[in-house]
2 protein chains.
Amino acid sequence: MPKPLSSAASKRVAVLKALAHPSRLLITEALMTRELCVCDLRELVGDDLSTVSKHLSLLRSAGVLLSEKRGLNVYYRLSCDCFGEFLKCVDQVGAEPKATRTLFPNCC
Amino acid sequence: MPKPLSSAASKRVAVLKALAHPSRLLITEALMTRELCVCDLRELVGDDLSTVSKHLSLLRSAGVLLSEKRGLNVYYRLSCDCFGEFLKCVDQVGAEPKATRTLFPNCC
DNA sequence: TGGCTATTTGGCAAATTAACCAAGGAGCTT
DNA sequence: AAGCTCCTTGGTTAATTTGCCAAATAGCCA
C-alpha cells in the first residue's frame, strides 16, 4: 500500500508518469511545434486509434495537454510552453558517462 | 511490441520513468540538499530496504544518481544539479486549472 | 578468521499499465 | 433523419512494474 502523498508530490508524479512513455513523449514533443488533431497524432505514433486516444486522455488529465473540439476533429496542444526547458533538463541528466563524475562540478 | 526508439528518446523516457514514482521522486528531492546513504533514504521513504535499494539502482542506471561506497555505507547523490530547474518546470505544467486556459499565453 | 553491519540480488505474487478490438457517442452534411 | 467521419469508452488479455522475503555479497573490526 502506497503511503499518503502530498498533493504537490502526487501531481508531480502524475505529470512525470504521463511523460514517461515513448508514444506520449513523442506526442508531447510534436505538440511543441503546433497543435494537432487526434488523427495527426495517430499517424505520428502509429498505434491503434483507441490507444492514442487513451494516451491523450492521460496526458490531458495530468495537465500536460489541453484539448478543444472544432468540427469533427479534436485538437490537442500543450498546456504550457516550458517543455523546451523541461526536456533540456532531462537531456542533461546523466549526459556524461556516470563513472567519470566524482563530485558535483557544475554539471548541467 | 514497441516500435524502435531513437536512443535519445529512450534515454529521455528512462530518466522520466525513473523519476515517475513517489518514492523515487522523494529520494531525488532529498538528494538535492546533500548526499545520503542508503539507510538514510530507507528511513526517508519507509519501504523495505531491498525495495529502496532497487529504486536506487534504477535511478542510477537511468543516470539520475551516482553512488559511492565509503566504508560500510553507500552514498548516493544527484548526477546533475539541474533538478531544481527541472522540478520548477514540472510544477508549471497544468498549474492553472485547465478549463480556464484557451490559448498559449506565456504560461510558465 | 569470525562476526557484524550495510547493501544488493534473486525470486515470486500482487498491482498497475498497455494495447487491441468492438461498440458507443458527437457532430457534420446531405 | 441517415449516413459518414472522428474520437472516446468498455472490456479483455498480455506485459511490465512493484514490493516483500530470503539469501548472497562486501567491508569493517575484534
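Reminder, nothing fancy here: chain letters follow the sequence lines and each chain counts from 1.
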Let's see if you get this right: which residues in residues 52-59 of chain B place a heavy atom under 4.0 Å from DNA chain D? B:K54, B:H55

Test side chain to side chain contact (heavy atoms under 4.5 Å, CB included) on A:N73 and A:D40 and set out the steps. CA-CA 10 Å; A:N73 300 307; A:D40 293 331; over 6 Å; no

How many Å lie between [atom1] on [X] and [atom2] on [N], as a whole number?
{"X": "B:L16", "N": "D:dT16", "atom1": "CG", "atom2": "P", "result": "19 Å"}
{"X": "B:L26", "N": "D:dT18", "atom1": "CG", "atom2": "C1'", "result": "17 Å"}
{"X": "A:L36", "N": "D:dC7", "atom1": "CG", "atom2": "P", "result": "11 Å"}
{"X": "B:L49", "N": "D:dA24", "atom1": "CG", "atom2": "C1'", "result": "14 Å"}
{"X": "B:R42", "N": "D:dC21", "atom1": "CZ", "atom2": "P", "result": "11 Å"}
{"X": "A:D48", "N": "D:dT12", "atom1": "CG", "atom2": "P", "result": "17 Å"}
{"X": "B:D47", "N": "C:dA15", "atom1": "CG", "atom2": "P", "result": "16 Å"}
{"X": "A:H21", "N": "D:dA15", "atom1": "NE2", "atom2": "C1'", "result": "11 Å"}

Nearest listed nucleotide, side chain of [X], among [options]:
{"X": "B:C37", "options": "C:dA18, D:dC20, C:dT7", "value": "C:dT7"}
{"X": "B:T51", "options": "D:dC20, D:dC7, C:dT17", "value": "D:dC20"}
{"X": "A:R60", "options": "D:dC7, D:dT8, C:dT8", "value": "D:dT8"}

Could you check A:V45, A:L41, A:L56 and say which one makes a side chain to side chain contact (heavy atoms under 4.5 Å, CB included) with A:S23? A:V45

Between B:L49 and B:L72, is there shared hydrophobic-cluster membership here, with clusters defined by ILVMFWY side-chain heavy atoms closer than 4.5 Å? no

In terms of hydrophobic clusters joined by side-chain contacts under 4.5 Å, are B:V74 and B:V52 together? yes

Check whether any side-chain N or O of A:Y76 sits under 4.0 Å from OP1 or OP2 of D:dT8, and answer yes or no. yes

Does a side-chain N or O from A:N73 land closer than 4.0 Å to OP1 or OP2 of D:dC7, or not? yes

Ring pair (Phe, Tyr, Trp, His ring centres under 6.0 Å) contacts in which one or both residues fall within residues 24-57 of chain A, not counting sequence neighbours: A:H21-A:H55

Who pairs with A:R34 by side-chain contact (heavy atoms from CB on, under 4.5 Å), at least two apart in sequence or on another chain? A:L36

Matching residue for B:S67 among B:R77, B:E35, B:R60 - test: side-chain hydrogen bond (donor to acceptor under 3.5 Å, both in side chains): B:R60

Could you check whether the side chain of A:S50 and the base of D:dC7 have a donor-acceptor pair of N or O atoms closer than 3.5 Å, going by distance alone? no

Salt bridge or not between B:D47 and B:R42? Use side-chain N to carboxylate O under 4.0 Å. no

Ion pair check, B:E29 and B:R24, cut-off under 4.0 Å: no

With five pairs defining each end axis, the helix from C:dT1-D:dA30 to C:dT30-D:dA1 comes out bent, to 10°, by 20°

What is the per-nucleotide protein-contact pattern of nucleotides 24-30 of chain C, from the 5' end, where B denotes a base atom under 4.0 Å from a protein heavy atom, S denotes such proximity for sugar-phosphate atoms only, and - denotes neither? --SBS--

Identify the two heavy atoms, one from A:L16 and one from B:L16, that lie closest to each other, and give their separation to 0.1 Å. CD2-CD2, 4.0 Å

Got A:F83 and A:V64 here, is their nearest side-chain heavy-atom distance under 4.5 Å? yes

For A:K88, give me all partners under salt bridge (charged side-chain N to carboxylate O under 4.0 Å, His left out), at least two apart in sequence or on another chain. A:E85

